[in-house]
Every structure is written in structure tokens, then in C-alpha cells.
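Note sheet for the following structure.
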Amino acid sequence: MIKLRALILGVLVFLSLVGCFQADHQAEQDGVLFQDDFSEPGNDWGILNSEDGVIEYTQGGLRIFVRKPYTDLWTVAGKDFSNAEIQVQATLQNTVVNNSFGVICGYQNHNRFYMLLVSSDGYFGALKKNGENYSLIGQDQLKYSDGLLEKGSTYQLRAICKQGHLLLYVDGERLFDVQEVDDIQGKVGLIAGALSEPGVDILFDHFIVKEP
């Protein structure tokens with residue numbers, strides 16, 4: 001009986017390892033470089049609880065809550081990518097629509113990175129942070145789309161950051177494709193910000209990085 005139990009245990013362990021290998025192999029075949037469903041802490045995402053706001057694991061996702069007006073909060077994962085397609089689901093948790101939220105790429109440090117952003121009141125754009133300065137890329141001001149107002153509270157974001165280009169899609173619709181000559185290699189992450197009204201509350205889930 002002991003030998004039978006040991007044999008059964010060995011088979012179960014083998015099947016478990018095979019299942020893990022198959023899942024990893026399938027991810028590689030699909031071009032997936034990194035993924036996180038935020039079911040538990042990991043992957044070096046920064047968390048926060050301060051007077052500025054909260055970044056936390058909750059409700060099976062990663063929440064960014066901005067307590068103060070004119071404040072941006074962001075968090076990045078621990079891996080670097082030179083070219084990346086980033087997919088994530090973003091859900092507005094309340095009625096504060098004068099907001100901004102989206103994806104970070106090319107993160108070198110807190111003073112140098114790229115943001116591909118949308119807002120619940122219809123605006124979107126690509127920005128570069130260089131020191132304390134934020135500059136729009138490929139446009140003089142944030143552009144506007146009536147279509148963003150019709151999306152409801154949940155957005156499927158797909159950002160592509162590759163040498164020479166930054167692209168953003170929302171629910172399969174391309175919002176922009178702008179050129180950028182500087183190096184965009186670095187970490188990837190998530191960002192949310194408040195303008196005049198505090199209380200922006202975004203829940204992110206199903207974060208995937210693929211080969212573009």
C-alpha cells in the first residue's frame with residue numbers, strides 16, 4: 001500500500017510538472033513575455049498607502065486610488081523590455097471621470113518614462129516624463145474622442161512601445177500612432193492620475209506583455 005501511494009504521488013507530481021511546462025510553453029508560443037493577474041503580490045510591483053493615495057492588491061486586481069488633486073500615482077514591474085506590447089483591463093471604480101489612466105513603458109527611473117493615457121471624459125495622448133516636465137508626443141494637446149465616452153466603466157487597453165513608435169488601442173480601436181526617436185527600453189507599468197477632482201479610483205487586471 002505504501003508503494004502504491006508513493007507511485008500515485010509520483011504520477012501526480014509528474015503530471016503537475018508537465019502541466020506547468022505546457023502552460024509555460026504555450027505562453028512562449030503566444031509570444032507572451034510576462035503576465036500577471038494580480039491574484040497575489042509579486043513581480044516587484046510597488047505598493048503605497050500615503051496622503052497622496054493608495055496602490056494595493058484588492059478584488060483580484062491592482063488598484064490605484066488617487067486622494068489628492070493634480071497628482072499622478074504609478075507602479076512598475078521588475079522586468080525590462082526593449083520592445084513590448086502591453087495589454088491590461090482597466091475599470092473605473094467610481095464616478096470621477098475627470099481622470100487619466102493607462103500604461104507606462106520605457107521606465108528608467110521616476111524622472112524618465114513614457115505614458116500612454118486615456119481619460120473617462122474622452123481625452124487621450126502619449127507623454128514623456130523627463131525630470132519634472134511632462135511633454136506630449138506627436139501632438140500639441142490631448143486629443144478627444146466621443147467613442148471613449150461610450151465605453152462604459154471598463155476599458156481594454158493595448159499599448160505598443162517599440163523603437164520609433166508608440167501606439168495605443170482601446171477596445172480594439174487605434175487612438176494614436178506617434179513617432180519617438182529616443183530609446184524606449186525599460187520597465188513597464190501602470191499609472192492613474194487626478195486633475196481638479198480627487199478620488200480617481202482605477203482597478204487594473206489581466207496584465208500581459210507580448211512581443212509586438
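Everything numeric in this text was worked out from a predicted model, so none of it was measured.
With rounding to the nearest 0.5 Å, the separation of CG in Asn43 from CD in Gln35 is 10.0 Å. With values rounded to the nearest 0.5 angstrom, Leu62 atom CG is found 8.0 Å from Asp36 atom CG. Here CG of Leu117 is found 6.0 Å from CE of Met115. Values are rounded to the nearest 0.5 Å. Taking CG from Asn83 and CG from Leu33, the interatomic distance works out to 10.0 Å, rounded to the nearest 0.5 Å. Rounded to the nearest 0.5 angstrom, Gln108 CD and Asn130 CG are separated by 11.0 Å. Here CD1 of Ile202 is found 8.0 Å from OG1 of Thr91. Values are rounded to the nearest 0.5 Å.
Across all their heavy atoms, Asp37 and Asp205 have their closest contact at O-OD1, 3.0 Å. Closest approach of Leu92 and Val97 over heavy atoms only: CD2-CG1, 4.1 Å. What you find for Leu167 and Leu116 is that their closest heavy atoms are O-CD2, 3.2 Å. Contact record, Val66 with Ala192: CG2-O, 3.8 Å, taken as the closest heavy-atom pair. Considering all non-hydrogen atoms of both residues, Ile160 and Pro212 come closest at CG2-CB, 3.8 Å. Of all non-hydrogen atoms in Val200 and Glu197, the two that sit nearest each other are CG2-O, 4.3 Å.
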side-chain contact (heavy atoms from CB on, under 4.5 Å) between Val170 and Leu157, intermediate numbers included
CA-CA 5 Å; Val170 176; Leu157 306 180; 3.7 Å; yes
Just do the side-chain contact (heavy atoms from CB on, under 4.5 Å) check on Gln87 and Gln156 with the steps written out, would you?
CA-CA 7 Å; Gln87 301 176 16; Gln156 300 293 336; over 6 Å; no
Kindly determine whether Phe113 and Val76 satisfy side-chain contact (heavy atoms from CB on, under 4.5 Å), including the steps that lead there.
CA-CA 11 Å; Phe113 58 89; Val76 295; over 6 Å; no
For a side-chain contact (heavy atoms from CB on, under 4.5 Å) check, start with the C-alpha distance between Val178 and Glu180, then their side-chain angles and the critical distance, and finish with the verdict.
CA-CA 7 Å; Val178 297; Glu180 173 54 38; 5.9 Å; no
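For Thr71 (side chain) and Ala194 (main-chain N/O), no donor-acceptor pair under 3.5 Å exists by modelled atom type. Under a 3.5 Å cut-off, the side chain of Tyr57 and the backbone N or O of Gly42 do form a donor-acceptor pair. Put simply, the side chain of Asn94 gets close to the backbone of Gly199: a donor and an acceptor are under 3.5 Å apart. Remark: side-chain polar atoms of Tyr107 are paired, donor with acceptor, to backbone N or O of His110 under 3.5 angstrom. Here the side chain of Asn109 pairs a donor or acceptor atom with the backbone of Asn111 at under 3.5 angstrom.
Listed by first and then second residue, the side-chain hydrogen bond (donor to acceptor under 3.5 Å, both in side chains) pairs involving residues 162-175 are His165-Asp177 (not counting sequence neighbours). Among residues at least two apart or in separate chains, there is no disulfide (SG to SG under 2.5 Å) pair with a member in residues 179-212. Annotation: disulfide (SG to SG under 2.5 Å) contacts involving residues 61-138, sequence neighbours excluded, comprise Cys105-Cys161.
With sequence neighbours left out, Tyr155 forms a ring pair (Phe, Tyr, Trp, His ring centres under 6.0 Å) with Phe101. With sequence neighbours excluded, the residues satisfying side-chain hydrogen bond (donor to acceptor under 3.5 Å, both in side chains) with Arg67 are Asn49. Applying the ring pair (Phe, Tyr, Trp, His ring centres under 6.0 Å) rule to Tyr144 yields the partners Tyr123; only residues at least two apart in sequence or on another chain are considered. By the side-chain hydrogen bond (donor to acceptor under 3.5 Å, both in side chains) test, Asp201 is found to be paired with Arg63, residues two or more places apart in sequence or in another chain being considered. For the side chain to side chain contact (heavy atoms under 4.5 Å, CB included) test, residues two or more places apart in sequence or in another chain that qualify with Ser196 are Tyr70, Asn98. Checked against salt bridge (charged side-chain N to carboxylate O under 4.0 Å, His left out), Asp72 has no partners two or more places apart in sequence or in another chain. In this structure Ser50 satisfies the side chain to side chain contact (heavy atoms under 4.5 Å, CB included) test together with Leu48, Asp52, sequence neighbours excluded.
The environment of CG in Leu136 is crowded: more than 12 heavy-atom neighbours from other residues, nucleotides or ligands sit within 6.0 Å.
Transitive grouping of hydrophobic side chains (ILVMFWY, heavy atoms separated by less than 4.5 Å) brings Val96 and Leu73 into a common cluster. The cluster map of Ile, Leu, Val, Met, Phe, Trp and Tyr, joined by side-chain heavy atoms under 4.5 Å apart, puts Leu175 and Ile137 in the same cluster.
Ser119 and Ser100 are not linked by any side-chain donor-acceptor pair at a separation below 3.5 angstrom, with hydrogens and angles left out of the test.
Taking the six-membered ring where the residue is Trp, Phe176 and Phe124 present parallel rings, their angle staying beneath 30° rather than reaching 60°.
Residues Trp45 and Phe207 place their aromatic rings such that the two centres sit under 6.0 Å apart.
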Only pairs under 3.5 Å count here: list side-chain donor-acceptor contacts from residues 182-190, not counting sequence neighbours, and write none if there are none.
unit_1	atom_1	unit_2	atom_2	d
Asp182	OD2	Lys128	NZ	2.8
Asp183	OD1	Gln185	N	3.1
Lys187	NZ	Asp80	OD1	3.2

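As a member of the Ile/Leu/Val/Met/Phe/Trp/Tyr network built from side-chain separations under 4.5 Å, Phe65 groups with Val54.
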